[in-house]
Novice: 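Shown below is the structure under consideration.
So you know, we letter chains A, B, ... as the sequences are listed, proteins then strands, and number each from 1.
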Amino acid sequence: MPRHKLIASESDVSVEVEDEGKDNEFSIYYVEVEENFEGGKEKQATRDGKRRRVRNSEVGRRASEKRTNEAGNKRAEKKHDKRHKTARKEGEKHGRKQRRKNADADEAEEESGKEKKNIKNERTKTLKLEDEKEKDVKKKRKKHVKNEEDNAKPEKTKHKDCHDMPLKEKKKKRKKPETISESESKSEPESQSDSDSESKDNPAVGVLGSLTPEELEKLKEAVDERKKLIATLRGKPWPMRKKLVVLRESQEFVEKYEGALGKGKGRKLYAYKVMMMKKWMKFQRDFENFKTACIPWEMKIKEIESHFGSSVASYFIFLRWMYGINMILFGLTFGLVMVPEALMGKPYGSLPRKTVPRGEEASAMNFAVLWDFGGYAKYSVLFYGYYNSQRAIGWLKFRMPLSYFLVGVGTVAYSYMVVIRTMARNANEEGGGDDTSFNFSWKTFTSWDYLIGNPETADNKFASITTSFKETIVEEQESRKDDNIHLTRFLRVLANFLVLCCLAGSGYLIYFVVRRSQKFALEGLEKYGWWERNEVNMVMSLLGMFCPMLFDVISTLENYHPRIALQWQLGRIFALFLGNLYTFIIALMDAIQLKRAEEEIVKKNMTIWQANLYNGTMPDNSTAPPFTAHPADVPRGPCWETMVGQEFVRLIISDTMTTYITLLIGDFFRAVLVRFLNNCWCWDLEFGFPSYSEFDVSGNVLGLIFNQGMIWMGAFYAPCLPALNLLRLHVSMYLQCWAVMCCNVPQERVFKASGSNNFYMAMLLVILFLSTLPAIYTIVTIPPSFDCGPFSGKNRMFDVIQETLETDFPAWFGKVFSYASNPGLVLPFLLLLVLAIYYLQSTSKTYKRVNMELKKKLQTQNEENKKKNKLAALKAANELEQQRSNSASDLGVNEESSSLDEAGHHRQAGHNGRFIHPSQHTQNSGPPVTSTHTTTRTPASRGHTSSGHLPGHPHQPQKNSHSKRR
Amino acid sequence: MVSPAIALALLPLLITLIIRYRYFFVLLYRAVLIRWVRDCLSGLSREERAFQYILTHATPGDSQSILDTFDQWCSKVEFISNIGPKKGKILDRLLQEHCPITVLELGTHCGYSTVRIARSLPIGARIYSVEMDERNAAVAEKIIRLAGFDEDMVEQIVRPSDEVIPRLREDFGVERLDFVFMDHWKRCYLPDLRLLEDSGLLGEGSIILADNVIFPGAPNFLRHARRCGLYEVRVHRATLEYIRGIRDGMAELTFLGVK
């Protein structure tokens with residue numbers, strides 16, 4: 001069994017087989033003839049003579065025999081010369097050589113083709129050598145035959161040669177007839193040198209005596225081939241069952257014989273090599289696993305992808321990407337702002353801005369600090385107000401204010417860069433062109449999501465594909481009719497109108513709530529309860545939770561493809577969230593104005609307070625330090641920056657809490673209820689009314705995006721925000737992975753998320769832009785508080801740059817900078833930039849168009865080719881039909897011609913062996929298509945089509961099998 | 001005190017729920033509220049009201065007319081969970097394909113499905129119709145007689161299904177069931193299927209058709225049918241009878257024979 005597979009797997013061997021088919025055919029007769037003679041104890045001389053006769057009769061045939069044997073001969077002779085050297089080394093070398101030869105069999109064939117003419121000349125020149133070669137040829141042929149016979153009829157293994165061979169080797173031989181025959185032909189010169197007359201019987205003895213290294217070579221080669229087979233098995237065009245069988249057999253073979261190879265030193269070396277190879281392979285595999293394991297959450301995401309399809313997985317990939325971004329942001333703020341301040345800045349309690357004021361001290365350690373971020377948390381490195389305006393801190397002379405400013409700007413710049421780079425990279429992946437032209441083919445060939453590994457999901461997908469087919473057919477009919485388009489349009493407009501109404505309503509509600517909360521704030525929050533105080537947050541998160549559901553329901557009116565529906569849904573929720581966010585920002589702006597008004601009052605009071613302090617504590621002498629007031633008692637401004645940062649932190653925390661609680665209640669408890677109440681409920685909860693929840697891709701993605709927007713906005717005033725966000729993302733990665741796997745069901749219409757990643761990115765970019773706007777606005781227009789933060793005492797926050805330029809850089813640098821920032825220079829530069837962008841954009845547009853045209857061209861070419869091929873195939877089929885009928889009609893003629901073809905041979909066989917002739921005849925006359933027929937016919941059919949060789953091809957092996965059986 | 005703004009913020013949720021589950025609300029209204037009101041007003045059971053309507057509106061002896069009237073009553077007047085016209089077509093097709101000789105119907109209810117099965121059976125076929133409730137069985141018998149099917153064709157058994165199935169062979173001389181139609185309590189689907197397996201009445205190629213496997217649903221039944229390997233399972237997807245928006249399905253189980 002494995003033998004034919006092995007041969008089939010290796011083109012070189014099979015090529016040889018085909019090529020030697022004729023020789024085999026001939027050599028069969030020859031060998032049987034020989035056997036007859038052997039029985040009669042003929043002399044060597046007569047045999048020689050006969051051989052010569054044979055040679056004469058088959059001049060045309062000899063060349064091909066020659067070339068196959070020439071290679072073997074040469075090798076054998078070389079071999080023979082080197083035999084006296086150390087067997088091991090030589091064997092190895094030879095093995096390599098032989099392998100190479102096997103691999104380059106085709107080249108050898110060509111080479112031999114060139115040699116054809118030379119051979120003839122050679123023969124005429126050196127007759128003696130030729131004679132020897134001829135003998136070799138015959139022996140080889142005989143060997144072949146014996147091998148073939150071995151294969152065909154195992155009971156015939158009682159040949160003299162094979163008889164004394166160990167059984168194992170015989171088995172091997174059967175597996176690899178070609179290599180054996182070659183190597184045996186190598187062995188022959190030896191035996192020949194011993195005696196010519198015994199040449200027939202002796203090789204076997206020689207094989208046993210001196211060829212154990214050879215056998216080992218063969219074994220090694222076989223093992224190597226097996227290995228090669230195992231490596232290339234994946235690419236074979238076989239059915240899976242066959243592949244598995246072959247793989248198992250080959251592995252067993254390798255396992256069995258690998259250890260038995262070699263002897264002594266070589267064996268050790270070989271074993272060592274094999275061991276190292278195995279170790280290396282294992283290491284490589286482990287390294288691959290390690291690499292996969294190094295990608296965080298890769299396995300989790302893959303699992304989710306296999307259960308829920310790629311659209312859900314795209315969310316988690318996005319989440320992971322976001323995590324990476326936040327990691328960098330966190331590294332920047334933590335490493336360059338928070339840690340230096342904590343380590344090198346003035347300690348807590350040294351300044352009023354670094355101390356909890358007296359009034360708040362009582363509640364500064366309350367539990368509420370954990371989510372309110374008041375008390376001690378407010379007066380720490382986590383917020384803007386804690387930082388001192390000292391230019392350089394610590395022994396490193398760390399420029400704290402400058403670092404603070406640059407980190408704030410750098411995080412945003414970095415985010416822009418990353419988002420745009422990712423977008424550009426993603427944009428490359430999506431090709432142009434409309435995909436709607438071959439709707440049904442697309443559906444047939446591409447609708448399966450190959451990442452699904454769960455049978456239930458697969459069932460769902462199957463169902464969804466069938467339904468989508470139905471839908472598409474219906475749609476096609478509809479579009480043909482095209483009367484319903486108005487209804488669809490109307491419905492879509494209606495849906496958008498409803499959504500707009502919802503948006504307006506929610507916007508008004510938020511506005512109303514914010515106004516109310518301002519009223520509360522003015523009157524003092526202490527009078528009101530928890531509900532009133534948290535009204536804004538509650539309303540915002542409730543609206544953010546439930547409006548998307550309403551949009552989802554409304555969007556069923558529109559009847560879009562789920563991918564497009566997802567994008568619409570994303571857009572709508574985006575608008576909703578944006579409205580919420582900007583309402584929040586506007587409220588914040590109002591609060592900032594209030595705080596600034598308060599600050600002015602405090603500033604005035606401050607001077608009075610200082611004067612009082614001065615007057616009170618400094619009676620006459622000035623021995624004591626002038627200000628002895630504890631920093632907690634010092635009156636201070638409201639510090640709007642810290643207020644803004646705190647608001648953002650609170651928002652993030654409440655948002656996170658809402659998300660998690662929704663997850664827990666909406667998904668987990670619902671799933672638990674559905675699961676366990678289902679056993680005692682009057683309808684099927686799992687399929688019916690509550691059922692399990694689906695994973696809400698759009699809502700989650702937008703939550704993530706807006707969360708990030710808030711981080712970007714607030715990070716300047718609260719350096720702790722990236723750290724918080726990192727924590728949140730980390731937790732939600734695990735929590736959501738778990739929730740998805742444990743409480744959600746796959747969507748009913750699982751769809752591929754192709755290209756949606758870029759949509760997320762685009763939204764992220766918009767949000768990034770929209771969130772940097774207010775941040776930049778506040779930085780540029782509002783002067784910083786006078787008594788808190790790194791920029792206190794400056795007119796504007798960005799003055800820190802100017803200050804650094806003036807004091808830390810040499811004078812010429814400042815000059816250069818001032819020249820460079822001259823509008824006369826900046827404007828042309830900007831103009832240049834704009835021009836460059838325009839140029840690049842137009843070129844990219846051109847490229848895109850060219851691409852589209854190329855695509856179109858390819859398409860048309862494909863169609864043309866298809867047509868051409870179809871025509872050609874038709875033609876070829878017709879011709880074949882004709883030839884069939886022709887051949888059927890004049891079978892007799894063909895037979896005659898075939899007999900003419902092999903006339904000499906027939907005569908020869910007829911003379912010597914009586915069994916052969918009839919069998920030959922039956923072979924020729926049996927089926928209408930025989931070897932000779934094909935040889936006459938193949939050129940004709942080959943001319944027309946690529947499949948033209950088909951009629952001729954299958955008969956070659958058939959012929960071989962015929963000859964084998966004989 | 002929850003502020004009105006927060007209550008308003010919950011409005012979208014309410015609207016969403018109403019829109020999404022509107023069909024269930026309609027079902028609740030029609031199947032429970034109206035029934036309750038009519039029960040109180042008329043003092044008759046729902047099935048008896050249905051029979052009165054059919055008696056006054058349908059042509060006796062014409063099964064199609066009776067079925068149509070039934071459908072009309074169920075969709076216009078009140079709601080009774082019959083198999084309905086759409087799923088009934090699936091049933092008809094299956095019966096015509098397989099031409100069963102012995103049919104077991106679990107859950108006669110008002111006899112709608114019995115009439116539907118009986119009219120598409122070949123001559124000489126026999127239906128055993130099992131109903132637990134005696135009042136329903138009486139109504140069903142009247143309707144079946146009205147449709148013109150006699151006792152040779154339809155054998156009514158007024159007993160719980162789990163008592164009937166093991167005794168089918170002894171009491172009624174049934175050797176093999178070609179077709180089983182399940183439309184009784186969804187909870188009993190699985191135990192009855194097990195009983196049928198144990199009784200040995202199912203032969204190779206016997207069909208078991210179970211209605212309402214998705215809504216109200218019989219998940220355990222489906223799971224068992226899929227996993228045990230005795231059946232080839234197909235689920236015909238359709239909607240609930242007389243209400244469009246609720247998805248439902250019928251499970252067609254083809255018995256493959258004992259391993």
Novice: For A:Val539, is it the side chain, the backbone, both or neither that has a heavy atom under 4.5 Å from a heavy atom of chain B?
Specialist: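 It is both, since atoms from each part get that close.
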Novice: Any chance CZ of A:Arg515 has more than 12 other-residue heavy atoms, nucleotides or ligands included, within less than 6.0 Å?
Specialist: no
Novice: Can you tell which part of A:Met538 gets under 4.5 Å to a heavy atom of chain B, answering side chain, backbone, both or neither?
Specialist: side chain
Novice: Calculate, to the nearest 0.5 Å, the distance between atoms CD1 and OG1 belonging to A:Ile554 and B:Thr16 respectively.
Specialist: 8.0 Å
Novice: Looking at B:Ala9 and A:Leu542, what are the two nearest heavy atoms and their distance?
Specialist: CB-CB, 3.9 Å
Novice: Any chance CD of B:Glu97 has more than 12 other-residue heavy atoms, nucleotides or ligands included, within less than 6.0 Å?
Specialist: yes
Novice: About how many Å separate CG of B:Leu8 and CG of A:Leu543, when rounded to the nearest 0.5 Å?
Specialist: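 Between A:Leu543 CG and B:Leu8 CG, I get 9.0 Å after rounding to 0.5 Å.
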Novice: Taking side chain as C-beta onward, heavy atoms only, is A:Thr556 less than 4.5 Å from B:Arg20?
Specialist: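 SC-SC contact between A:Thr556 and B:Arg20 ruled out.
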Novice: Surrounding CZ of B:Phe25 (heavy atoms of other residues, nucleotides or ligands, distance under 6.0 Å), is the total greater than 12?
Specialist: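 Yes, enclosed.
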Novice: I'd like to know whether CD of B:Glu163 has more than 12 heavy-atom contacts from other residues, nucleotides or ligands below 6.0 angstrom.
Specialist: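 Above 12, so yes.
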Novice: If you round to the nearest 0.5 Å, how far is SG of A:Cys502 from CG of B:Leu11?
Specialist: 9.0 Å
Novice: Does atom CZ of A:Arg675 have more than 12 heavy-atom neighbours, drawn from other residues, nucleotides or ligands, at distances under 6.0 Å?
Specialist: no
Novice: Find the distance between CG (A:Leu498) and CD1 (B:Ile15) and round it off to the nearest 0.5 Å.
Specialist: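 Between atom CG of A:Leu498 and atom CD1 of B:Ile15 there are 10.0 Å.
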Novice: Is the CE atom of B:Met132 crowded by more than 12 outside heavy atoms at less than 6.0 Å?
Specialist: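 Count not over threshold, so no.
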